[in-house]
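First comes the structure, then the notes that go with it.
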Amino acid sequence: MAADSRAPVTVIGLGAMGSALARAFLAAGHPTTVWNRSPDKADDLVGQGAVRAATVADAMSAGNLIVICVLDYRAMREIIDSTGDSPTDRVIVNLTSGTPGDARATAAWAQEQGMEYIDGAIMATPSMIGSEETLIFYGGPQEVYDAHADTLRSIAGAGTYLGEEPGLPSLYDVALLGLMWTTWAGFMHSAALLASEKVPAAAFLPYAQAWFEYVISPEVPNLATQVDTGAYPDNDSTLGMQTVAIEHLVEASRTQGVDPTLPEFLHARAEQAIRRGHAGDGFGAVFEVLRAPAAQ
C-alpha cells in the first residue's frame, strides 16, 4: 500500500525500542516523523524515509497519532510539557515502561492537557517489533484504540486491547515479568543445589524440561481456576504435607551451602496459610497469603 494512503505517525524517543517502532511504521508504509533529544539518533531512520522533527512541537504537529517510548513516565510528561502551545487534539500512545499507578496518573494528566491517551506495555525485544506474533498490551478508551488499531498492528500483529483501565497493560506486564523471573530464579536455585555436588546443569536439564512439561505447566490452569473460585482442593497432597517437603528443601539448601532465601520465603508463606486454616487445602491456598499478606 502506498505511504500516502497510510495514517501518519510520530515516534518520540529513539532508543533501541523507539527506533524499532519507527522502522516498523516505515516498513508498513506510514509517513513517520521522529524526534529524539539527541538528533543524530534519527540519522538512520531519516535515511529510510522518516522525517526528522527539529522540535517536540514540530513532532507533535506532524500528525494525530503520537507514539512515545522513553525512559520513564516522568520523562514522557516533561517532553510533552516542553511543547508549550502545541496542538492538544492528539492521541498519545505511551509505550514507556512503568507501573499501573504511573499509567493512571499519566492518563489523568493527558486528559487535563486535552489529549486522548492509550497506555501500552511492550512484551517483546526490539528485534521482534513488526512481527505478526509480537504482543503489546493496550488500555484506555476503546473508541480511541479502535480508531488506531490498524496502524498499531504495524508494530505488533498480536497487539491486544485489555480494556478502558489504563493501568491494565502495566499490570499484565509486571505480572508476566514476575512469572518469568521467579521461574528462572527457581531453576537457578535448583541448579545451585546440583552444582554443590558438581552436577552440571546440562545433566539436570532433561529432567527439568520434562518436569515443566508434564507436571508444572498442566497444573497452571487448575491453579487459575482455584484462585478465581477461592476453592483449593488438596488433590491428595495437602498444604500441610507439602510444607514438610519445603522444609526439606530449606534444610538441603543450608546443608549444601546454597542461599536458602527462596525456599525460606516459600516455607514462610505456606506456614502463614496454614495458620489461616488452610492446612487441609492444596498448595493453591498460598494465593490467599500473597494477595492479602496482612490478613489475620
Side-chain angles (χ1 to χ4, degrees), residues 99-101 121 123 135 137 160 162 165 167-296:
T99 68
M123 310 308 298
L135 173 62
F137 291 123
T160 300
L162 296 175
E165 167 55 56
L168 281 176
S170 291
L171 190 63
Y172 273 61
D173 178 29
V174 295
L176 285 173
L177 289 174
L179 179 62
M180 178 181 74
W181 290 326
T182 53
T183 302
W184 286 352
F187 174 79
M188 288 185 287
H189 182 268
S190 298
L193 279 171
L194 292 157
S196 70
E197 296 290 347
K198 296 182 171 46
V199 177
F204 175 63
L205 183 59
Y207 307 103
Q209 289 178 311
W211 195 247
F212 276 117
E213 183 175 358
Y214 298 113
V215 179
I216 297 174
S217 292
E219 187 61 19
V220 172
N222 296 330
L223 290 172
T225 298
Q226 290 174 28
V227 301
D228 284 345
T229 62
Y232 309 102
D234 63 42
N235 296 324
D236 298 322
S237 182
T238 66
L239 185 58
M241 294 170 56
Q242 295 201 45
T243 300
V244 174
I246 298 170
E247 289 176 0
H248 298 160
L249 177 59
V250 171
E251 182 59 27
S253 299
R254 293 171 178 163
T255 301
Q256 299 297 126
V258 172
D259 186 344
T261 304
L262 283 174
E264 284 175 343
F265 171 85
L266 181 57
H267 185 257
R269 302 292 85 72
E271 286 197 322
Q272 191 175 355
I274 288 171
R275 290 195 297 272
R276 293 188 192 178
H278 293 289
D281 288 335
F283 183 81
V286 172
F287 169 75
E288 296 294 337
V289 173
L290 296 173
R291 76 179 182 92
Q296 299 300 320

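Here the structure is a predicted model, which means the values were calculated and not measured.
- Under the 3.5 Å distance criterion, the side-chain polar atoms of Gln242 are matched with a main-chain donor or acceptor of Ser237.
- Taking both residues in full, the closest heavy atoms of Ala285 and Ala273 are given as O-CB, 4.1 Å, listed atom of the first, atom of the second, then distance.
- In this structure, the side chains of Phe187 and Phe204 come closer than 4.5 Å at one or more pairs of heavy atoms.
- Under the 4.5 Å side-chain criterion, counting only non-hydrogen atoms from C-beta, Gln272 is in contact with Arg269.
- One distance of note links OG1 of Thr243 with NE2 of His248; it measures 11.0 Å at 0.5 Å rounding.
- Annotation for Tyr172: atom OH does not count as buried by contact number, only 12 or fewer foreign heavy atoms lying within 6.0 Å.
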Requested in this report: Mind running side-chain contact (heavy atoms from CB on, under 4.5 Å) on Glu264 and Ser253 for me, showing each step along the way?
Outcome: CA-CA 10 Å; Glu264 284 175 343; Ser253 299; over 6 Å; no
Got a list of side-chain donor-acceptor pairs under 3.5 Å for residues 214-231, not counting sequence neighbours?
{"residue": "Ser217", "atom": "OG", "partner": "Phe212", "partner atom": "O", "Å": "3.1"}
{"residue": "Glu219", "atom": "OE1", "partner": "Asn222", "partner atom": "ND2", "Å": "3.1"}
{"residue": "Thr225", "atom": "OG1", "partner": "Pro221", "partner atom": "O", "Å": "3.2"}
{"residue": "Thr229", "atom": "OG1", "partner": "Thr225", "partner atom": "O", "Å": "2.9"}
{"residue": "Thr229", "atom": "OG1", "partner": "Gln226", "partner atom": "O", "Å": "3.4"}
{"residue": "Thr229", "atom": "OG1", "partner": "Ala231", "partner atom": "N", "Å": "3.4"}

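- When all heavy atoms of Ser170 and Pro100 are compared, the closest pair comes out as CB-N, 3.6 Å.
- A distance of 7.0 Å separates NE2 in His189 from CG in Asp259, rounded to the nearest 0.5 Å.
- Using the six-membered ring where Trp is involved, His278 and Tyr232 have ring planes that are perpendicular, over 60° apart on the 30 and 60° scheme.
- For the atom pair Asp281 CG and Asn235 CG, the distance stands at 11.0 Å (nearest 0.5 Å).
- When each of Asp234, Ile246, Val286 is paired with Leu239, the side chain to side chain contact (heavy atoms under 4.5 Å, CB included) condition holds for Val286 and for no other.
- Here the OG-CH2 distance, from Ser190 to Trp211, works out to 10.5 Å after rounding to the nearest 0.5 Å.
- Here Thr182 contributes atom OG1 and Leu266 contributes atom CG; the two are 11.0 Å apart, rounded to the nearest 0.5 Å.
- For the residue pair Ala202 and Pro206, the shortest heavy atom distance occurs at O-CD, 3.4 Å.
- Between the side chain of Ser196 and the backbone N or O of Leu193, at least one donor-acceptor pair lies under 3.5 Å.
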